[in-house]
There are 2 protein chains.
Amino acid sequence: MRTLDEILEVETPREKYIIMEEPDKEVAAEFIRKNWRHYVILIFAFSSVKYEGRAASELSPSDHIIILKPDGTLLVHGPEKREPINWQPPGSILTSFVEKGKLVIRSRRYKPRETVIIVCESPYVLLAMNTRSGEFRMFRSESQMVDYVMRNPSFIEEGFVPVIKEYRTRFGIIDLFGRDKHNNIVICEFKRRVADVQDVAQLALYVDAIQRNSNCKVRGFLIAPGITDMALIALKEKNLEFRKLNPKSIIGGENAV
Amino acid sequence: MRTLDEILEVETPREKYIIMEEPDKEVAAEFIRKNWRHYVILIFAFSSVKYEGRAASELSPSDHIIILKPDGTLLVHGPEKREPINWQPPGSILTSFVEKGKLVIRSRRYKPRETVIIVCESPYVLLAMNTRSGEFRMFRSESQMVDYVMRNPSFIEEGFVPVIKEYRTRFGIIDLFGRDKHNNIVICEFKRRVADVQDVAQLALYVDAIQRNSNCKVRGFLIAPGITDMALIALKEKNLEFRKLNPKSIIGGENAV
DNA sequence: TGCTTGATCTCGTAT
DNA sequence: ATACGAGGTCAAGCA
């Protein structure tokens, strides 16, 4: 059920952006409550943060950049690093109020139940931005590597025949499943980055599991732009094989989808 | 009111924040060049982004929130999601200039060589923030789970004796290495979240590797707050064992670092 | 909804 | 510098 206020907000023409310098806390709290679904809101404030959920954390009072998105995302950024210090993912529910003279921003989510509480002593700036999202395209994914090998099976070795992509087993999903020229089973695991020991472990698990249910010989290939030393040791101990493939080198002519 | 020259000549941050609405592009470019090492700078602009590096991407012109940090971090956020659409990690080098009447922000890094180029047609707002970072504390990590089992070895089973934490092997690091009451080797792998098939694969690799170099029986335990179905199947096939431990349930009395 | 896996993963730490 | 493993990983795709 929408209140009259909520209806009015939606109908009201929206500014491209709204700036409040040193905003009154009551005004800021009301603005956040009424508008967080419509604007991306940035708050630059001296603030402290407490988080309680899968883990728990405390951030002592300092200058932080707080971003609230219409989808429920909350970010608390400091002056360093790509990662936010604290955050809440999309779907979280926001509220804001004044308590003991301080501006409080609280975000809650369920499954898992998690709460972030931000207490602002002095909000320096509040900036609300009316944004629309653009179109985004990415290239050079792992699936493009699989497509390349599907079209160029001899990359694995002469006589290799791809059979099925993303073959689902009880143990997990095999990137590419096929046969070699002697009709042995071939399992291919692709990585777009340098392969590590974890990737070898994953391939070994698949090979062992398939081998247990089959009389054929089962061979495992790891296809990646490189492999770490430890991973190479583990690979050889497990009698698995490696093929070097750089996603950068297969961009020619790959633009489908 | 400070003059433009005064603003541009700032070497170290003096103002808590500086706001420019609809800034002139030449002024914005010069401000960014001169001040990105001193302020966290937010730019709200109609802009397009191209990225070229480990992968490649294109973001069509739209409204974006661009954040530049003194450590070289660059973030391009849209109105949704916790993750930036494009980014550059700390250590990247920034520059800015006007080209063909548009404000260009370019970030470069080496190892790997990666470039992000942002072209702003109309910068709505530029906000420079003078921030200092606070102290941050986190609780309930995986290592606290290991500590708990070290102090309560019977949690694994009667007669279990922990021997060494973070035992380094050629294949990787074993969280906890010990012996059972029959002097069999025991390998423990901890996860603070629900364990999946990858975690079983990792444990299986360690157990197989140690078994190959030993005459003792080698047992493997996975300790986590839960385990997925596929992981449980793989676990049983590999004759490994599971112990349920929730990091939340061991916080009582655990505050020593 | 839950599960599985990729990611320009990022980030800390130890060798 | 490299490598390994954790992460409140997040987010997409599919049963």
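Naming: A, B, ... by sequence-line order, numbering from 1 per chain. Here the structure is a predicted model, which is why all the values come from computation and not from measurement.
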If I take atom [atom1] in residue [X] and atom [atom2] in nucleotide [N], what distance separates them, rounded to the nearest angstrom?
| X | N | atom1 | atom2 | answer |
| --- | --- | --- | --- | --- |
| B:Leu59 | C:dT8 | CG | P | 14 Å |
| A:Ile173 | C:dG2 | CD1 | C1' | 13 Å |
| B:Gln198 | C:dC3 | CD | P | 16 Å |
| A:Met145 | C:dG6 | CE | P | 11 Å |
| A:Asp199 | C:dG6 | CG | P | 8 Å |

Between [M] and [N] - [atom1] atom distance, rounded Å:
| N | M | atom1 | result |
| --- | --- | --- | --- |
| D:dG8 | D:dC4 | P | 22 Å |
| C:dT8 | C:dT4 | P | 22 Å |
| D:dG7 | C:dA7 | P | 22 Å |

First encountered from the 5' end of DNA chain D, between A:Val194 and A:Gln88 |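 Taking each residue's closest nucleotide, the earlier one in sequence belongs to A:Val194.
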Does B:Val218 offer a backbone N or O that forms a donor-acceptor pair with the side chain of B:Gln211 under 3.5 Å?
->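 Answer holds: yes.
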Residues in ring-ring contact (aromatic ring centres under 6.0 Å, His included) contact with [X], at least two apart in sequence or another chain:
| X | value |
| --- | --- |
| B:Phe44 | B:Tyr124 |
| B:Phe190 | none |
| A:Phe136 | none |
| B:Phe242 | none |

Counterpart residues, salt bridge (charged side-chain N to carboxylate O under 4.0 Å, His left out), relative to B:Arg170 (two or more places apart) =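 Here the qualifying residues are A:Glu237.
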List in chain and number order the residues that pass salt bridge (charged side-chain N to carboxylate O under 4.0 Å, His left out) with A:Lys191, two or more places apart in sequence or in another chain; answer none if no residue qualifies.
->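 Residues passing salt bridge (charged side-chain N to carboxylate O under 4.0 Å, His left out) with A:Lys191: A:Glu189, A:Asp199.
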State whether A:Arg108 and A:Glu52 are salt-bridged, where the test is any N-O pair (Lys NZ or Arg NE/NH1/NH2 against Asp/Glu carboxylate O) under 4.0 Å.
->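 Looking at A:Arg108 and A:Glu52, the cut-off is not met.
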So [X], base contact, sugar-phosphate only, or nothing? Heavy-atom distance under 4.0 Å.
| X | result |
| --- | --- |
| B:Met138 | sugar-phosphate |
| B:Tyr206 | sugar-phosphate |
| A:Ser143 | nothing |
| B:Gly53 | nothing |

Is any side-chain nitrogen or oxygen of A:Lys111 closer than 4.0 Å to OP1 or OP2 of C:dG2?
->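 Yes, within the criterion.
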Selection: residues 225-237 of chain B, any non-hydrogen atom under 4.0 Å of DNA chain C |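 Nucleic-acid contacts, sorted: B:Thr228, B:Met230.
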Just jot down the side-chain hydrogen bond (donor to acceptor under 3.5 Å, both in side chains) partners of [X], sequence neighbours excluded, or say none.
| X | answer |
| --- | --- |
| B:Ser141 | B:Ser143 |
| B:Arg82 | A:Glu83 |
| A:Ser57 | A:Asn86 |

Which residue, A:Arg170 or B:Asn86, contacts DNA chain C at a nucleotide closer to its 5' end, judged by nearest heavy atom?
->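 Per heavy-atom nearest nucleotide, the more 5' residue is A:Arg170.
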Look at atom NZ of A:Lys50 and say whether more than 12 heavy atoms of other residues, nucleotides or ligands are closer to it than 6.0 Å.
->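 12 or below, so no.
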Just the endpoints, please: which first and last nucleotides of DNA chain D, 5' to 3', lie under 4.0 Å from a heavy atom of chain B?
->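 Span of nucleotides near chain B: D:dG5 to D:dA12.
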Starting at the 5' end of nucleotides 9-15 of chain C, put B wherever the base has a protein heavy atom under 4.0 Å, S where only the sugar-phosphate does, and a dash everywhere else.
-> SSSS-SS
Can a donor-acceptor pair under 3.5 Å be found between the side-chain atoms of B:Asp196 and the base atoms of C:dT5?
->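 Donor-acceptor pair under 3.5 Å: no.
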